[in-house]
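Notes follow the structure.
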There are 2 protein chains.
Amino acid sequence: MTGDKLPTMQAVAEKAGVSLATVSNVMNQPSRVAPATRDRVRAAIESLGYIRNAAARDLKRSRSDGIGLIVPDILNRLFVDMARGAQITAGQRGLSLLLANAVYAFESFDPLVVTDQQDQFLDFFAEERTSGILYAAMSDPTDGINRIRGHVRPIVVINYDQPGDWCSVLMDNRQAGRIAVEHLAGIGVRRVFYVSPPDAAQPIADRRRGVAEGAASQGLELTEVTTDGLEFEHGSAAMAELLAGRADGERIGFVGMTDALALGALGVLREHPELRIPEDVAVIGLDGTHDGARSDWVSLTSITLPGYRMGEEAIRLVLDEAQPGHRHERVILPVGMRLGASTLGSAATAGGADGTTP
Amino acid sequence: MTGDKLPTMQAVAEKAGVSLATVSNVMNQPSRVAPATRDRVRAAIESLGYIRNAAARDLKRSRSDGIGLIVPDILNRLFVDMARGAQITAGQRGLSLLLANAVYAFESFDPLVVTDQQDQFLDFFAEERTSGILYAAMSDPTDGINRIRGHVRPIVVINYDQPGDWCSVLMDNRQAGRIAVEHLAGIGVRRVFYVSPPDAAQPIADRRRGVAEGAASQGLELTEVTTDGLEFEHGSAAMAELLAGRADGERIGFVGMTDALALGALGVLREHPELRIPEDVAVIGLDGTHDGARSDWVSLTSITLPGYRMGEEAIRLVLDEAQPGHRHERVILPVGMRLGASTLGSAATAGGADGTTP
DNA sequence: CTGAAAGCGCTTACAG
DNA sequence: CTGAAAGCGCTTACAG
């Protein structure tokens, strides 16, 4: 088998006793071919095990049917949801979604360590002349897009707000910060600590702004605490420090930029049975990354992000780009909130839209 | 811009004042070209914004440089790890890994509802003539592979043990069952309940077998409990039933086929403060899916699966397939164990290899 | 409804 | 070290 030539369309044509063009029509415009001929051709395809050569096809049509999606890292649940939303929507429309995982170094805030493959995949999809590219960028995508724009036109930028000649799908990170703080105000907290690493990425800055806005509108006292990272241990360190400075009997709210930060804070509270949650300390996380609500020692109240819907929207927009009257859109999807015992105490029930699954 | 022709290699050749072949050599065999010519060509490429047409290239070479990976669903952390392992390894070798998410319906055990896209992606990669396909199958892959085998030779089957003309990368699901039970025996448990849905997939059957072997070798009393699914609520239901039948003072061990089942069991125990963990009831999960050890009300002891390493191995094997003296291999990777308070009580410390990250 | 022919943009021996 | 030429396997007007 190994050395054999693969069957070509020509071989199918000969076997079926028709011309090349007719075979092609059977595959691409079946209605143009008489039923009897069609059946004969299909039988020939079947018996030869013919599989169309995408390279030849794409070369002639000067584009491929695939749609590329570049995400920073599927380790982050947000991008898993996004990929599934795009995947399932693309599948429904008969397109193949190709997922490229850039392995962006989330863990590290040292820009020297960030050796992701975003550009490599952008070039790959450009070489492939895919029908479109969905690009979940972690930094300004303008240069990368300009480099390849001539080669694949429909591009949708996801999760990075940058004006340009493309559609954007965003989530409302400011809203996330705002409603978290409003929720704390709603349960009676007046003094809020916002715990976050520096503004190394757009969502971080936006959530910070939202928190500030919420605090201002609610008349809360807001203190920003800057951490070295966005993981559990950074949250623990921040909470330990807050407790050291907390006045006796004072009620405080802890807002973590990520769920991991909030969980780290809860970890410290576990060692302090004298503190009541949420009466003394209330905790909330902003990225819906954590979904262990039912097994947490105290279930975490958290913002939920619309990853799945962002993937759906991105496919819709990238397809719309091929339509005659297309106008670029900037879609901002709302976030949700999942309530837990970390702000509601034992009264908490599972609830809230989670935007995770269809 | 939109209607413009894209620059071709021909355009680059003209601009640089060389022939087509020389441009091609600059891109593919730079050492064959004189440095001065090389620079001239590269400058032309740069100034025209030329990007190679993969279709034309692949057509001529009759294969593409991509490697396809088909996974059931990245909602499952095992496959996220697998994809990252393959992704990063492929990247190191200059190959592009294309991830296809089949959206296999894990949630449902009704075979009629399983409308996954595995076959669709298999055909897609065959049409693309990728350099290889890594196929994490949920059912016998033989038919699918036979259909496309002539079109892409190097195929590695992941996570499904089926003899055939290919390499396999597996994890040791029997070992998972065995060491879980041995661990329970080690802490003094003599009566074990194994909670699992029916053997709808190979890993389920293998883990069951491992549990039975472990129980036999340790002389434990084993009872199998069959559930309708593998989620939290199924574990809760099973545990509730066990407690109803438990003799006073009897010590029992609960082994869940998945972490979710085990967490469901812990959820029930939370309502029973009179029961000590692990002195009265010990709990362990078998799939390392849950990683909230630090926020759990009782941290779960769990088996950890070697997803990342499976991805690495699969890339190694698919590349080896192109080598002259290649022999198919069947690689079985060991699992690990992460200890938690659900079997060790408050003495538990985080530990054990988790096979998650490099 | 069917077929003959041109051409998509590269790579690869091969000759010089 | 460089170039002329063939050909990979399709699709697409176009003619019949």
Side-chain angles (χ1 to χ4, degrees), chain A residues 3-42 44-45 48-65 123-124 126-129 131 150-152, chain B residues 3-42 44-45 48-65 123-124 126-129 131 150-152:
Chain A
D4 289 4
K5 275 292 184 195
L6 298 180
T8 64
M9 215 171 223
Q10 183 61 54
V12 173
E14 282 165 17
K15 178 128 190 172
V18 297
S19 78
L20 249 189
T22 300
V23 179
S24 177
N25 281 332
V26 168
M27 306 194 77
N28 301 310
Q29 313 276 356
S31 61
R32 287 197 194 164
V33 182
T37 315
R38 209 189 293 160
D39 291 345
R40 207 142 31 90
V41 170
R42 285 189 174 143
I45 288 174
L48 291 172
Y50 170 74
I51 294 184
R52 178 165 60 189
N53 182 318
R57 178 168 210 247
D58 294 348
L59 175 57
K60 195 58 196 140
R61 308 195 316 162
S62 48
R63 64 180 177 78
S64 94
D65 274 340
D123 290 345
F124 181 84
E127 290 188 3
E128 295 288 338
R129 312 290 195 259
S131 307
H151 299 80
V152 13
Chain B
D4 290 5
K5 276 290 183 196
L6 298 180
T8 65
M9 213 172 224
Q10 184 60 53
V12 174
E14 281 164 18
K15 177 129 189 170
V18 296
S19 77
L20 250 189
T22 299
V23 178
S24 177
N25 282 332
V26 169
M27 305 194 77
N28 301 310
Q29 312 278 355
S31 62
R32 287 195 192 164
V33 183
T37 315
R38 208 188 295 159
D39 292 345
R40 207 143 31 91
V41 170
R42 287 190 173 141
I45 288 173
L48 291 173
Y50 170 74
I51 294 185
R52 178 165 61 187
N53 182 318
R57 178 167 209 246
D58 294 348
L59 175 58
K60 195 57 196 140
R61 309 194 317 162
S62 47
R63 65 181 176 74
S64 94
D65 274 340
D123 290 345
F124 181 84
E127 290 188 3
E128 294 287 339
R129 312 290 196 259
S131 306
H151 300 80
V152 14

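Proteins come first, then strands; the chains are lettered A, B, ... in the order of their sequence lines, and each starts at number 1. It should be emphasised that the depicted structure is a prediction, and the values quoted were computed from it without experimental measurement.
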So what does [X] touch, heavy atoms closer than 4.0 Å: a base, only the sugar-phosphate, or nothing?
X: Ser62(B); value: nothing
X: Ala21(B); value: base
X: Asn28(B); value: sugar-phosphate

Evaluate the criterion side chain to side chain donor-acceptor pair (under 3.5 Å) for residue pair Asn28(B) and Arg61(B); output intermediate values, then yes/no. CA-CA 12 Å; Asn28(B) 301 310; Arg61(B) 309 194 317 162; 6.0 Å; no

Per nearest nucleotide of DNA chain D, the residue lying toward the 5' end, Ala56(B) or Arg38(B), is Arg38(B)

Closer to the 5' end of DNA chain D via nearest nucleotide, is it Arg129(B) or Asn25(B)? Asn25(B)

Whichever of Arg40(A) and Leu20(A) has its nearest DNA chain C nucleotide further upstream toward 5': Arg40(A)

Give, for atom [atom1] of [X] and atom [atom2] of [Y], the distance between the pair rounded to the nearest 0.5 Å.
X: Thr8(A); Y: Ile51(A); atom1: OG1; atom2: CD1; value: 13.5 Å
X: Arg57(A); Y: Arg63(A); atom1: CZ; atom2: CZ; value: 8.0 Å
X: Leu6(A); Y: Leu48(A); atom1: CG; atom2: CG; value: 11.5 Å
X: Met27(B); Y: Tyr50(B); atom1: CE; atom2: OH; value: 5.5 Å

Does dC14(D) have a Watson-Crick or wobble mate here (both distances under 3.5 Å), and if so which one? dG3(C)

Between the main-chain N or O of Ser62(B) and the side-chain N or O of Arg129(B), is there a donor-acceptor pair closer than 3.5 Å? no

Walk along DNA chain D from 5' to 3' and tell me the first and last nucleotide with an atom closer than 4.0 Å to a non-hydrogen atom of chain A. dG9(D) to dT12(D)

